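Data block below; observations after.
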Amino acid sequence: MNHPFSAERYLFEPAHPSSDALQVIYGFPNTYSVGITSLGYQLVWATLARRRDVAVSRLFTDVHEPLPRHPELVGFSLSWELDYANLLALLEQLNIPIWQRDRHEEHPLIFGGGPVLTANPEPFADFFDVILLGDAEPLLEPFLTTVAHERSAPRQTQLHRLAQVPGLYVPSLYTVTYTSPSGDINGIEPTQPSVPRVVQKQVHRGHTLAASTVVTPLAAWESIYMVEVVRSCPELCRFCLASYLTLPFRTPSIETLIPAIERGLAVTDRIGLLGASVTQHPEFVALMDYLSQPQFAQVRLSIASVRTNTVTEALAQLLSQRGTHSLTIAIETGSARLRHVINKKLETEEILAAATHAQAGGLRALKFYGMVGLPTETTADVEATVALFQTLKKTAPRLRFTLGCSTFVPKAQTPFQWYGVQSLAEKRLKFLKKELGKLGVEFRPESYNDSLIQALLSRGDRRLAPLLERVRHYGTSLGSYRRSFKELQGQLPELDDYIWADWPQDKVLPWQHLQSGLPTNTLANHAAAALRVS
(Lines give C-alpha, C1' and ligand atoms only; values in the text may rest on other atoms or scores of the structure.)
Protein backbone atom coordinates (compact mmCIF):
# COMPACT_ATOMS: atom_id res chain seq x y z
CA MET A 1 0.00 0.00 0.00
CA ASN A 2 2.87 2.40 0.67
CA HIS A 3 4.91 2.18 -2.52
CA PRO A 4 4.18 5.74 -3.85
CA PHE A 5 5.64 7.29 -0.72
CA SER A 6 9.05 5.73 -1.33
CA ALA A 7 9.50 7.91 -4.45
CA GLU A 8 9.04 11.16 -2.52
CA ARG A 9 11.78 13.68 -1.81
CA TYR A 10 11.01 15.85 1.21
CA LEU A 11 11.94 19.50 1.36
CA PHE A 12 11.34 19.75 5.09
CA GLU A 13 12.39 17.83 8.18
CA PRO A 14 9.52 15.86 9.75
CA ALA A 15 9.48 15.80 13.54
CA HIS A 16 9.56 12.68 15.69
CA PRO A 17 6.15 12.69 17.40
CA SER A 18 6.14 12.64 21.18
CA SER A 19 4.52 9.77 23.07
CA ASP A 20 1.38 11.78 23.76
CA ALA A 21 1.08 13.36 20.30
CA LEU A 22 -2.35 13.92 18.78
CA GLN A 23 -3.20 11.03 16.47
CA VAL A 24 -4.22 12.61 13.16
CA ILE A 25 -5.27 11.27 9.75
CA TYR A 26 -5.08 13.88 7.00
CA GLY A 27 -6.85 12.88 3.81
CA PHE A 28 -7.41 14.04 0.28
CA PRO A 29 -10.59 12.59 -1.30
CA ASN A 30 -8.97 11.63 -4.58
CA THR A 31 -6.01 9.59 -5.79
CA TYR A 32 -2.48 10.09 -4.52
CA SER A 33 -1.37 11.53 -7.87
CA VAL A 34 -4.03 14.26 -7.70
CA GLY A 35 -3.77 14.95 -3.98
CA ILE A 36 0.00 15.24 -3.76
CA THR A 37 -0.11 17.79 -6.60
CA SER A 38 -2.26 20.08 -4.44
CA LEU A 39 -0.02 22.74 -2.94
CA GLY A 40 -2.61 23.43 -0.23
CA TYR A 41 -2.64 19.77 0.80
CA GLN A 42 1.16 19.68 0.89
CA LEU A 43 1.27 22.83 3.03
CA VAL A 44 -1.12 21.49 5.69
CA TRP A 45 0.44 18.02 5.77
CA ALA A 46 3.96 19.40 6.22
CA THR A 47 2.75 21.79 8.94
CA LEU A 48 1.32 18.84 10.83
CA ALA A 49 4.35 16.63 10.19
CA ARG A 50 6.76 19.26 11.53
CA ARG A 51 5.10 19.22 14.97
CA ARG A 52 6.20 16.91 17.78
CA ASP A 53 2.75 17.13 19.33
CA VAL A 54 1.12 15.63 16.20
CA ALA A 55 1.49 12.18 14.64
CA VAL A 56 0.01 12.49 11.15
CA SER A 57 -0.77 9.81 8.56
CA ARG A 58 -1.82 10.57 4.99
CA LEU A 59 -4.87 9.03 3.36
CA PHE A 60 -5.90 9.00 -0.33
CA THR A 61 -8.50 6.98 -2.20
CA ASP A 62 -5.89 4.56 -3.57
CA VAL A 63 -3.08 4.50 -0.97
CA HIS A 64 -2.41 5.46 2.61
CA GLU A 65 0.32 5.50 5.22
CA PRO A 66 0.00 3.28 8.32
CA LEU A 67 -3.07 4.64 10.10
CA PRO A 68 -3.60 4.96 13.86
CA ARG A 69 -6.15 2.60 15.36
CA HIS A 70 -7.75 5.36 17.40
CA PRO A 71 -7.34 8.68 15.60
CA GLU A 72 -8.37 11.82 17.46
CA LEU A 73 -8.63 14.01 14.37
CA VAL A 74 -9.46 13.12 10.76
CA GLY A 75 -9.19 15.95 8.27
CA PHE A 76 -9.77 16.50 4.56
CA SER A 77 -8.79 19.12 2.02
CA LEU A 78 -11.68 19.59 -0.41
CA SER A 79 -10.62 21.27 -3.66
CA TRP A 80 -13.38 20.05 -5.98
CA GLU A 81 -17.08 19.81 -5.10
CA LEU A 82 -17.65 16.39 -6.62
CA ASP A 83 -14.94 14.79 -4.47
CA TYR A 84 -17.45 14.76 -1.59
CA ALA A 85 -18.51 11.21 -2.53
CA ASN A 86 -14.94 9.97 -2.09
CA LEU A 87 -14.75 11.76 1.26
CA LEU A 88 -17.83 9.92 2.53
CA ALA A 89 -16.45 6.61 1.26
CA LEU A 90 -13.17 7.19 3.10
CA LEU A 91 -15.04 7.90 6.35
CA GLU A 92 -16.90 4.62 5.96
CA GLN A 93 -13.62 2.77 5.33
CA LEU A 94 -12.41 4.18 8.66
CA ASN A 95 -15.64 2.98 10.35
CA ILE A 96 -16.61 6.57 11.17
CA PRO A 97 -20.27 7.63 10.82
CA ILE A 98 -20.65 10.03 7.89
CA TRP A 99 -23.21 12.14 9.77
CA GLN A 100 -21.95 14.48 12.47
CA ARG A 101 -25.03 13.77 14.57
CA ASP A 102 -24.20 10.05 14.76
CA ARG A 103 -20.68 10.47 16.17
CA HIS A 104 -20.04 9.94 19.84
CA GLU A 105 -17.21 10.24 22.34
CA GLU A 106 -15.23 7.34 20.85
CA HIS A 107 -15.14 8.92 17.36
CA PRO A 108 -12.51 11.38 16.13
CA LEU A 109 -13.40 14.96 15.28
CA ILE A 110 -13.80 15.36 11.52
CA PHE A 111 -12.43 18.63 10.16
CA GLY A 112 -12.14 20.06 6.67
CA GLY A 113 -10.77 22.99 4.75
CA GLY A 114 -9.96 24.18 1.26
CA PRO A 115 -11.63 26.50 -1.25
CA VAL A 116 -14.89 24.54 -1.60
CA LEU A 117 -15.58 24.60 2.13
CA THR A 118 -14.43 28.19 2.61
CA ALA A 119 -16.77 29.45 -0.13
CA ASN A 120 -19.92 27.57 0.88
CA PRO A 121 -19.66 24.57 3.22
CA GLU A 122 -23.41 24.27 3.81
CA PRO A 123 -24.25 21.31 1.48
CA PHE A 124 -21.52 19.36 3.30
CA ALA A 125 -21.93 20.88 6.78
CA ASP A 126 -23.68 17.86 8.33
CA PHE A 127 -20.68 15.66 7.46
CA PHE A 128 -18.14 17.75 9.42
CA ASP A 129 -17.55 18.57 13.07
CA VAL A 130 -15.31 21.57 12.33
CA ILE A 131 -14.58 23.53 9.16
CA LEU A 132 -11.56 25.82 8.82
CA LEU A 133 -12.46 28.96 6.87
CA GLY A 134 -9.61 30.66 5.05
CA ASP A 135 -5.85 30.28 4.86
CA ALA A 136 -4.22 27.35 6.62
CA GLU A 137 -1.30 29.39 7.98
CA PRO A 138 -3.23 31.34 10.66
CA LEU A 139 -5.76 28.56 11.37
CA LEU A 140 -3.79 25.41 12.10
CA GLU A 141 -1.91 26.55 15.21
CA PRO A 142 -4.96 27.72 17.24
CA PHE A 143 -6.98 24.74 15.98
CA LEU A 144 -4.42 22.17 17.08
CA THR A 145 -3.65 23.97 20.33
CA THR A 146 -7.33 24.07 21.27
CA VAL A 147 -7.87 20.41 20.38
CA ALA A 148 -4.84 19.39 22.43
CA HIS A 149 -5.95 21.49 25.42
CA GLU A 150 -9.48 20.07 25.32
CA ARG A 151 -8.69 16.48 24.27
CA SER A 152 -9.97 15.00 27.54
CA ALA A 153 -13.15 17.11 27.60
CA PRO A 154 -16.55 15.80 26.40
CA ARG A 155 -17.12 16.06 22.69
CA GLN A 156 -19.68 18.87 22.95
CA THR A 157 -17.35 20.89 25.16
CA GLN A 158 -14.56 20.47 22.60
CA LEU A 159 -16.81 21.70 19.82
CA HIS A 160 -18.00 24.68 21.83
CA ARG A 161 -14.42 25.71 22.66
CA LEU A 162 -13.36 25.32 19.02
CA ALA A 163 -16.23 27.59 17.94
CA GLN A 164 -14.66 30.40 19.97
CA VAL A 165 -11.52 30.32 17.79
CA PRO A 166 -11.65 32.84 14.91
CA GLY A 167 -12.17 31.10 11.58
CA LEU A 168 -13.32 27.77 13.05
CA TYR A 169 -16.88 26.98 12.02
CA VAL A 170 -18.79 24.33 13.95
CA PRO A 171 -21.94 23.73 11.86
CA SER A 172 -23.82 21.82 14.58
CA LEU A 173 -23.83 24.98 16.73
CA TYR A 174 -25.95 26.87 14.18
CA THR A 175 -29.66 26.35 13.52
CA VAL A 176 -31.11 27.02 10.07
CA THR A 177 -34.85 27.73 9.83
CA TYR A 178 -36.95 27.78 6.67
CA THR A 179 -40.23 29.37 5.61
CA SER A 180 -41.32 25.83 4.72
CA PRO A 181 -39.53 22.51 4.08
CA SER A 182 -39.10 23.46 0.41
CA GLY A 183 -39.09 27.21 0.92
CA ASP A 184 -36.47 29.90 1.43
CA ILE A 185 -34.12 30.13 4.37
CA ASN A 186 -35.75 32.16 7.11
CA GLY A 187 -32.68 32.61 9.33
CA ILE A 188 -29.39 31.16 10.55
CA GLU A 189 -28.71 31.55 14.27
CA PRO A 190 -26.15 30.19 16.75
CA THR A 191 -27.58 27.72 19.24
CA GLN A 192 -25.93 29.50 22.20
CA PRO A 193 -25.21 33.18 22.98
CA SER A 194 -21.48 32.44 23.35
CA VAL A 195 -21.21 31.15 19.76
CA PRO A 196 -20.28 33.88 17.23
CA ARG A 197 -23.15 34.99 14.98
CA VAL A 198 -20.75 35.36 12.05
CA VAL A 199 -17.60 33.29 11.43
CA GLN A 200 -14.86 35.32 9.78
CA LYS A 201 -12.45 33.80 7.25
CA GLN A 202 -8.83 34.02 8.42
CA VAL A 203 -6.20 35.57 6.16
CA HIS A 204 -2.47 34.86 6.05
CA ARG A 205 -0.61 38.17 6.14
CA GLY A 206 2.97 36.88 6.38
CA HIS A 207 5.79 37.70 3.98
CA THR A 208 6.01 34.20 2.52
CA LEU A 209 3.52 32.10 0.60
CA ALA A 210 3.44 28.37 -0.02
CA ALA A 211 6.02 26.21 -1.77
CA SER A 212 6.25 22.47 -2.33
CA THR A 213 7.18 20.40 0.67
CA VAL A 214 7.60 17.22 -1.37
CA VAL A 215 8.60 16.41 -4.95
CA THR A 216 7.69 13.11 -6.58
CA PRO A 217 7.62 11.65 -10.09
CA LEU A 218 4.18 10.22 -9.26
CA ALA A 219 2.48 13.63 -8.99
CA ALA A 220 0.02 14.64 -11.71
CA TRP A 221 2.71 17.12 -12.81
CA GLU A 222 5.71 14.84 -12.73
CA SER A 223 8.54 15.89 -10.37
CA ILE A 224 7.33 19.49 -10.24
CA TYR A 225 8.33 21.92 -7.51
CA MET A 226 5.61 24.53 -7.04
CA VAL A 227 6.09 28.06 -5.75
CA GLU A 228 3.15 30.32 -4.97
CA VAL A 229 4.11 33.68 -6.50
CA VAL A 230 0.87 35.53 -5.74
CA ARG A 231 -2.25 34.80 -3.70
CA SER A 232 -5.61 36.13 -4.90
CA CYS A 233 -5.92 38.51 -7.86
CA PRO A 234 -6.29 42.30 -8.02
CA GLU A 235 -8.59 42.26 -11.07
CA LEU A 236 -11.82 41.20 -9.30
CA CYS A 237 -13.62 39.68 -12.28
CA ARG A 238 -17.17 39.54 -10.98
CA PHE A 239 -17.67 35.79 -11.46
CA CYS A 240 -14.30 34.74 -10.08
CA LEU A 241 -14.15 32.76 -6.85
CA ALA A 242 -10.34 32.59 -6.95
CA SER A 243 -10.20 36.37 -6.77
CA TYR A 244 -12.92 37.32 -4.31
CA LEU A 245 -12.56 34.35 -1.95
CA THR A 246 -8.84 34.81 -1.35
CA LEU A 247 -8.62 38.59 -0.95
CA PRO A 248 -6.49 40.54 -0.30
CA PHE A 249 -3.95 40.23 -3.14
CA ARG A 250 -0.59 39.26 -1.64
CA THR A 251 2.89 39.00 -3.10
CA PRO A 252 6.11 37.88 -1.39
CA SER A 253 9.27 39.83 -2.20
CA ILE A 254 11.72 38.50 -4.74
CA GLU A 255 14.21 38.12 -1.87
CA THR A 256 11.80 35.51 -0.49
CA LEU A 257 10.91 33.87 -3.81
CA ILE A 258 14.44 33.23 -5.05
CA PRO A 259 15.55 31.16 -2.02
CA ALA A 260 12.30 29.20 -2.27
CA ILE A 261 12.99 28.43 -5.94
CA GLU A 262 16.58 27.46 -5.15
CA ARG A 263 15.36 24.92 -2.60
CA GLY A 264 13.34 23.29 -5.33
CA LEU A 265 16.16 23.34 -7.87
CA ALA A 266 18.22 21.28 -5.45
CA VAL A 267 15.93 18.30 -6.07
CA THR A 268 14.32 18.82 -9.50
CA ASP A 269 14.69 20.72 -12.76
CA ARG A 270 10.96 21.42 -13.12
CA ILE A 271 9.57 24.60 -11.54
CA GLY A 272 5.93 25.72 -11.54
CA LEU A 273 5.04 29.30 -10.66
CA LEU A 274 1.53 29.33 -9.20
CA GLY A 275 -1.10 31.97 -8.63
CA ALA A 276 -4.25 33.40 -10.16
CA SER A 277 -2.28 36.16 -11.90
CA VAL A 278 1.42 35.34 -11.64
CA THR A 279 2.66 38.01 -14.04
CA GLN A 280 1.12 40.75 -11.91
CA HIS A 281 3.72 40.23 -9.22
CA PRO A 282 5.36 43.68 -8.92
CA GLU A 283 8.83 42.15 -9.34
CA PHE A 284 7.91 39.62 -12.02
CA VAL A 285 10.36 41.05 -14.57
CA ALA A 286 13.20 40.74 -12.05
CA LEU A 287 12.13 37.15 -11.32
CA MET A 288 12.24 36.34 -15.04
CA ASP A 289 15.70 37.96 -15.29
CA TYR A 290 16.87 35.67 -12.50
CA LEU A 291 15.49 32.55 -14.20
CA SER A 292 17.03 33.65 -17.54
CA GLN A 293 20.56 33.09 -16.22
CA PRO A 294 22.65 30.49 -18.09
CA GLN A 295 22.91 28.14 -15.11
CA PHE A 296 19.15 27.52 -15.38
CA ALA A 297 19.25 26.56 -19.06
CA GLN A 298 18.07 23.00 -18.29
CA VAL A 299 15.21 24.09 -16.02
CA ARG A 300 11.70 23.43 -17.30
CA LEU A 301 9.54 26.37 -16.31
CA SER A 302 5.75 26.57 -16.32
CA ILE A 303 3.47 29.40 -15.28
CA ALA A 304 -0.05 28.71 -14.04
CA SER A 305 -1.82 31.81 -15.27
CA VAL A 306 -0.69 34.86 -17.19
CA ARG A 307 -2.54 38.14 -17.55
CA THR A 308 -2.93 38.84 -21.25
CA ASN A 309 -1.39 42.32 -21.32
CA THR A 310 1.76 41.05 -19.58
CA VAL A 311 2.68 38.63 -22.37
CA THR A 312 5.86 40.04 -23.90
CA GLU A 313 8.18 38.63 -26.52
CA ALA A 314 10.88 38.30 -23.85
CA LEU A 315 8.58 36.23 -21.62
CA ALA A 316 7.56 34.00 -24.52
CA GLN A 317 11.20 33.53 -25.48
CA LEU A 318 12.20 32.56 -21.93
CA LEU A 319 9.37 30.06 -21.62
CA SER A 320 10.23 28.59 -25.02
CA GLN A 321 13.85 28.19 -23.96
CA ARG A 322 12.75 26.56 -20.68
CA GLY A 323 10.71 23.80 -22.30
CA THR A 324 7.28 25.47 -22.37
CA HIS A 325 5.76 25.50 -25.86
CA SER A 326 2.40 27.06 -25.04
CA LEU A 327 0.91 29.68 -22.79
CA THR A 328 -2.51 29.84 -21.16
CA ILE A 329 -4.40 33.09 -20.74
CA ALA A 330 -7.96 33.81 -19.66
CA ILE A 331 -10.00 36.07 -21.91
CA GLU A 332 -13.46 34.74 -20.87
CA THR A 333 -15.16 36.11 -24.01
CA GLY A 334 -14.41 37.72 -27.36
CA SER A 335 -17.01 40.40 -26.64
CA ALA A 336 -15.55 43.70 -25.44
CA ARG A 337 -18.95 44.67 -24.04
CA LEU A 338 -19.25 41.50 -21.98
CA ARG A 339 -15.68 41.77 -20.71
CA HIS A 340 -16.62 45.17 -19.29
CA VAL A 341 -19.72 43.66 -17.67
CA ILE A 342 -17.65 41.04 -15.86
CA ASN A 343 -14.90 43.56 -15.02
CA LYS A 344 -12.31 41.83 -17.20
CA LYS A 345 -9.98 44.75 -17.75
CA LEU A 346 -8.81 43.60 -21.15
CA GLU A 347 -9.06 45.12 -24.61
CA THR A 348 -9.14 43.18 -27.87
CA GLU A 349 -5.92 44.89 -28.99
CA GLU A 350 -4.15 43.43 -25.94
CA ILE A 351 -5.29 39.91 -26.84
CA LEU A 352 -3.96 40.30 -30.38
CA ALA A 353 -0.70 41.75 -29.07
CA ALA A 354 -0.26 38.75 -26.76
CA ALA A 355 -0.59 36.41 -29.74
CA THR A 356 1.92 38.47 -31.74
CA HIS A 357 4.43 38.40 -28.87
CA ALA A 358 3.92 34.68 -28.24
CA GLN A 359 4.64 33.86 -31.88
CA ALA A 360 7.65 36.17 -32.07
CA GLY A 361 9.07 34.64 -28.88
CA GLY A 362 9.01 31.13 -30.31
CA LEU A 363 5.96 29.64 -28.62
CA ARG A 364 3.96 27.18 -30.67
CA ALA A 365 0.50 27.51 -29.16
CA LEU A 366 -1.83 29.66 -27.13
CA LYS A 367 -4.60 28.25 -25.00
CA PHE A 368 -7.41 30.55 -23.95
CA TYR A 369 -9.93 30.12 -21.16
CA GLY A 370 -13.42 31.22 -22.11
CA MET A 371 -16.93 31.03 -20.77
CA VAL A 372 -20.50 31.00 -22.04
CA GLY A 373 -23.66 31.88 -20.17
CA LEU A 374 -22.27 34.93 -18.36
CA PRO A 375 -24.91 37.35 -17.05
CA THR A 376 -26.36 39.60 -19.80
CA GLU A 377 -24.69 37.50 -22.54
CA THR A 378 -26.37 37.67 -25.96
CA THR A 379 -25.93 35.77 -29.22
CA ALA A 380 -23.88 38.69 -30.53
CA ASP A 381 -21.42 38.26 -27.65
CA VAL A 382 -20.87 34.60 -28.55
CA GLU A 383 -20.43 35.49 -32.21
CA ALA A 384 -17.79 38.03 -31.13
CA THR A 385 -15.73 35.14 -29.72
CA VAL A 386 -15.71 33.48 -33.15
CA ALA A 387 -14.76 36.78 -34.78
CA LEU A 388 -11.88 37.20 -32.33
CA PHE A 389 -10.39 33.85 -33.33
CA GLN A 390 -10.75 34.72 -36.99
CA THR A 391 -8.60 37.77 -36.33
CA LEU A 392 -6.15 35.84 -34.15
CA LYS A 393 -5.56 33.31 -36.94
CA LYS A 394 -4.59 36.17 -39.25
CA THR A 395 -2.51 37.96 -36.61
CA ALA A 396 -0.40 34.95 -35.58
CA PRO A 397 -0.79 32.32 -38.32
CA ARG A 398 1.97 30.03 -36.99
CA LEU A 399 0.33 29.53 -33.59
CA ARG A 400 -2.05 26.74 -32.72
CA PHE A 401 -5.08 28.04 -30.86
CA THR A 402 -7.17 26.23 -28.28
CA LEU A 403 -10.22 27.47 -26.41
CA GLY A 404 -11.08 25.72 -23.17
CA CYS A 405 -14.65 26.79 -22.49
CA SER A 406 -16.82 26.39 -19.42
CA THR A 407 -20.37 27.36 -18.57
CA PHE A 408 -20.82 30.21 -16.09
CA VAL A 409 -21.44 28.80 -12.61
CA PRO A 410 -22.58 31.19 -9.87
CA LYS A 411 -20.12 31.02 -7.00
CA ALA A 412 -20.76 31.98 -3.40
CA GLN A 413 -18.93 35.07 -2.14
CA THR A 414 -18.82 36.70 -5.62
CA PRO A 415 -20.93 39.53 -7.10
CA PHE A 416 -22.60 37.08 -9.49
CA GLN A 417 -23.74 34.72 -6.72
CA TRP A 418 -27.35 35.87 -7.27
CA TYR A 419 -27.42 34.88 -10.97
CA GLY A 420 -28.50 31.45 -12.13
CA VAL A 421 -27.06 29.38 -14.96
CA GLN A 422 -28.25 30.49 -18.41
CA SER A 423 -30.36 27.79 -20.07
CA LEU A 424 -28.95 28.81 -23.48
CA ALA A 425 -25.38 27.98 -22.44
CA GLU A 426 -25.46 24.40 -23.76
CA LYS A 427 -26.65 25.60 -27.17
CA ARG A 428 -23.88 28.20 -27.24
CA LEU A 429 -21.22 25.61 -26.45
CA LYS A 430 -22.38 23.63 -29.48
CA PHE A 431 -22.34 26.78 -31.63
CA LEU A 432 -18.73 27.55 -30.66
CA LYS A 433 -17.65 23.98 -31.31
CA LYS A 434 -19.08 24.10 -34.83
CA GLU A 435 -17.83 27.57 -35.78
CA LEU A 436 -14.36 27.31 -34.24
CA GLY A 437 -13.91 23.90 -35.82
CA LYS A 438 -14.28 25.57 -39.21
CA LEU A 439 -11.35 27.83 -38.28
CA GLY A 440 -9.09 25.00 -37.16
CA VAL A 441 -9.29 26.11 -33.51
CA GLU A 442 -9.31 23.25 -31.03
CA PHE A 443 -12.36 23.59 -28.80
CA ARG A 444 -12.36 21.91 -25.38
CA PRO A 445 -15.71 22.43 -23.67
CA GLU A 446 -16.30 21.46 -20.06
CA SER A 447 -19.32 19.25 -19.51
CA TYR A 448 -22.48 21.35 -19.35
CA ASN A 449 -24.12 18.82 -17.03
CA ASP A 450 -21.11 18.88 -14.70
CA SER A 451 -21.43 22.67 -14.59
CA LEU A 452 -25.05 22.31 -13.50
CA ILE A 453 -24.00 20.01 -10.67
CA GLN A 454 -21.31 22.48 -9.63
CA ALA A 455 -23.92 25.26 -9.57
CA LEU A 456 -26.14 23.14 -7.34
CA LEU A 457 -23.33 22.54 -4.87
CA SER A 458 -22.05 26.10 -5.07
CA ARG A 459 -25.44 27.59 -4.11
CA GLY A 460 -26.70 24.74 -1.98
CA ASP A 461 -27.87 24.72 1.64
CA ARG A 462 -27.96 22.04 4.32
CA ARG A 463 -31.06 20.40 2.89
CA LEU A 464 -28.86 18.99 0.12
CA ALA A 465 -26.92 16.67 2.44
CA PRO A 466 -29.44 13.77 2.37
CA LEU A 467 -29.66 14.17 -1.39
CA LEU A 468 -25.88 14.01 -1.75
CA GLU A 469 -25.78 10.85 0.34
CA ARG A 470 -28.32 9.25 -2.01
CA VAL A 471 -26.68 10.40 -5.22
CA ARG A 472 -23.35 8.77 -4.48
CA HIS A 473 -25.06 5.37 -4.62
CA TYR A 474 -26.76 6.14 -7.93
CA GLY A 475 -23.77 7.54 -9.81
CA THR A 476 -22.59 11.07 -10.41
CA SER A 477 -24.60 11.94 -13.53
CA LEU A 478 -27.10 14.78 -13.63
CA GLY A 479 -29.80 12.13 -14.01
CA SER A 480 -28.86 10.77 -10.59
CA TYR A 481 -29.41 14.19 -9.06
CA ARG A 482 -32.77 14.55 -10.81
CA ARG A 483 -33.82 11.12 -9.49
CA SER A 484 -32.88 12.08 -5.95
CA PHE A 485 -34.75 15.38 -6.16
CA LYS A 486 -37.89 13.47 -7.18
CA GLU A 487 -37.49 11.05 -4.28
CA LEU A 488 -37.10 13.94 -1.80
CA GLN A 489 -39.80 16.14 -3.33
CA GLY A 490 -41.33 18.46 -0.75
CA GLN A 491 -38.31 18.18 1.57
CA LEU A 492 -36.15 20.75 -0.24
CA PRO A 493 -36.50 23.31 -3.05
CA GLU A 494 -36.71 22.26 -6.68
CA LEU A 495 -33.54 21.65 -8.68
CA ASP A 496 -34.37 24.69 -10.81
CA ASP A 497 -34.36 26.97 -7.76
CA TYR A 498 -30.74 26.12 -7.01
CA ILE A 499 -29.35 26.10 -10.55
CA TRP A 500 -31.23 28.32 -12.99
CA ALA A 501 -33.10 30.82 -10.82
CA ASP A 502 -31.92 34.40 -10.40
CA TRP A 503 -32.12 35.14 -6.69
CA PRO A 504 -33.34 38.45 -5.23
CA GLN A 505 -30.65 40.30 -3.31
CA ASP A 506 -32.72 40.33 -0.12
CA LYS A 507 -32.76 36.52 -0.05
CA VAL A 508 -31.09 34.96 2.99
CA LEU A 509 -28.12 33.16 1.49
CA PRO A 510 -27.04 29.73 2.80
CA TRP A 511 -23.62 31.18 3.67
CA GLN A 512 -24.94 34.44 5.15
CA HIS A 513 -23.36 33.68 8.56
CA LEU A 514 -19.91 33.07 7.05
CA GLN A 515 -17.78 36.06 6.07
CA SER A 516 -15.32 34.63 3.57
CA GLY A 517 -14.71 37.61 1.30
CA LEU A 518 -16.19 41.06 0.90
CA PRO A 519 -19.40 41.96 2.76
CA THR A 520 -22.67 41.12 1.00
CA ASN A 521 -23.52 44.79 0.51
CA THR A 522 -20.21 45.36 -1.26
CA LEU A 523 -20.80 42.36 -3.53
CA ALA A 524 -24.25 43.74 -4.34
CA ASN A 525 -22.68 47.07 -5.31
CA HIS A 526 -20.25 45.28 -7.62
CA ALA A 527 -23.15 43.39 -9.21
CA ALA A 528 -25.01 46.67 -9.73
CA ALA A 529 -21.94 48.12 -11.45
CA ALA A 530 -22.09 45.25 -13.96
CA LEU A 531 -25.65 46.12 -14.89
CA ARG A 532 -24.72 49.75 -15.43
CA VAL A 533 -22.19 48.64 -18.05
CA SER A 534 -24.69 46.47 -19.90
Side-chain angles (χ1 to χ4, degrees), residues 15-27 44-45 47-57 59 67-78 87 90-92 94-114 117-118 121-122 124-176 188-202 462 465 513-514:
H16 295 288
S18 61
S19 58
D20 62 345
L22 282 169
Q23 301 297 304
V24 179
I25 297 173
Y26 186 49
V44 175
W45 162 62
T47 301
L48 298 173
R50 284 189 178 105
R51 298 177 63 113
R52 292 199 68 244
D53 59 348
V54 171
V56 60
S57 300
L59 171 67
L67 303 178
R69 292 186 60 189
H70 302 290
E72 296 167 86
L73 287 174
V74 175
F76 295 93
S77 177
L78 194 59
L87 188 153
L90 289 172
L91 286 176
E92 289 176 333
L94 296 170
N95 294 315
I96 298 170
I98 64 171
W99 299 103
Q100 186 276 337
R101 62 178 178 267
D102 293 336
R103 298 179 198 132
H104 304 294
E105 299 299 327
E106 71 272 17
H107 295 122
L109 293 178
I110 308 304
F111 72 96
L117 295 176
T118 295
E122 289 305 283
F124 319 103
D126 289 341
F127 306 135
F128 288 94
D129 295 296
V130 186
I131 293 171
L132 282 61
L133 300 181
D135 294 332
E137 293 94 337
L139 283 165
L140 286 173
E141 172 62 36
F143 171 60
L144 294 169
T145 300
T146 303
V147 170
H149 188 265
E150 303 293 338
R151 67 196 303 189
S152 60
R155 188 182 191 87
Q156 281 305 116
T157 301
Q158 292 181 46
L159 293 174
H160 187 268
R161 297 281 166 75
L162 286 166
Q164 315 303 313
V165 178
L168 298 189
Y169 172 44
V170 180
S172 61
L173 297 182
Y174 294 81
T175 299
V176 185
I188 306 168
E189 300 290 338
T191 59
Q192 303 172 38
S194 57
V195 175
R197 294 185 64 83
V198 175
V199 185
Q200 179 72 49
K201 176 194 79 171
Q202 297 301 291
R462 292 193 189 183
H513 57 309
L514 309 173

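Worth saying up front: this structure is predicted, and the values here are computed from it rather than measured.
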Let's go through L140 and L132 carefully: what are the C-alpha distance in whole Å and the side-chain angles of both, what is the deciding distance for side chain to side chain contact (heavy atoms under 4.5 Å, CB included) to 0.1 Å, and is it a yes or a no? CA-CA 8 Å; L140 286 173; L132 282 61; 4.1 Å; yes
So how far is it from [X] [atom1] to [Y] [atom2], rounded to the nearest 0.5 Å?
X: S77; Y: W45; atom1: OG; atom2: CH2; value: 14.0 Å
X: I98; Y: L91; atom1: CD1; atom2: CG; value: 8.0 Å
X: L59; Y: I25; atom1: CG; atom2: CD1; value: 6.5 Å
X: L48; Y: L22; atom1: CG; atom2: CG; value: 9.5 Å
X: D20; Y: D53; atom1: CG; atom2: CG; value: 8.5 Å

May I ask you to decide if [Y]'s main-chain N or O and [X]'s side chain share a donor-acceptor pair within less than 3.5 Å?
X: Q202; Y: Q200; value: yes
X: Q23; Y: A21; value: yes
X: R197; Y: P190; value: no
X: S18; Y: R52; value: yes

Using salt bridge (charged side-chain N to carboxylate O under 4.0 Å, His left out), reason through E122 and R462 one step at a time and then give a plain yes or no. CA-CA 5 Å; E122 289 305 283; R462 292 193 189 183; 2.8 Å; yes
Under-4.0 Å salt bridge between D135 and K201: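 No, this pair does not count.
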Nearest heavy atoms of [X] and [Y], plus distance in Å:
X: F128; Y: L87; result: CZ-CD1, 3.6 Å
X: L168; Y: V199; result: O-CG1, 3.9 Å
X: V44; Y: A136; result: CG2-CB, 3.7 Å

For residues [X] and [Y], determine if any side-chain heavy atom of one lies less than 4.5 Å from a side-chain heavy atom of the other.
X: P17; Y: V54; result: no
X: I131; Y: P171; result: yes
X: I188; Y: T175; result: no
X: Q158; Y: L109; result: yes
X: P97; Y: R103; result: yes
X: L117; Y: L133; result: no

Report the C-alpha separation of S172 and D129 in whole Å, then their side-chain angles, then the decisive distance to 0.1 Å, and conclude whether the side chain to side chain contact (heavy atoms under 4.5 Å, CB included) test is met. CA-CA 7 Å; S172 61; D129 295 296; over 6 Å; no
Show the numbers, then the answer: is there a salt bridge (charged side-chain N to carboxylate O under 4.0 Å, His left out) between E106 and R155? CA-CA 9 Å; E106 71 272 17; R155 188 182 191 87; over 6 Å; no
Side chain to side chain contact (heavy atoms under 4.5 Å, CB included) involving T146 - partner list, sequence neighbours excluded: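 Testing T146 for side chain to side chain contact (heavy atoms under 4.5 Å, CB included), a comparison that skips the adjacent residues, returns E150, R161, L162, V165.
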Quick one: do Q192 and L173 satisfy side chain to side chain contact (heavy atoms under 4.5 Å, CB included)? Show the steps, please. CA-CA 7 Å; Q192 303 172 38; L173 297 182; 4.1 Å; yes
May I have all residue pairs that pass ring pair (Phe, Tyr, Trp, His ring centres under 6.0 Å) and include part of residues 138-171, sequence neighbours excluded?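 Residue pairs with at least one partner in residues 138-171: F111-F143, Y169-Y174, Y169-H513.
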For L73 and L144, what are the C-alpha separation, side-chain angles and deciding distance, and is it a side chain to side chain contact (heavy atoms under 4.5 Å, CB included)? CA-CA 10 Å; L73 287 174; L144 294 169; 4.1 Å; yes
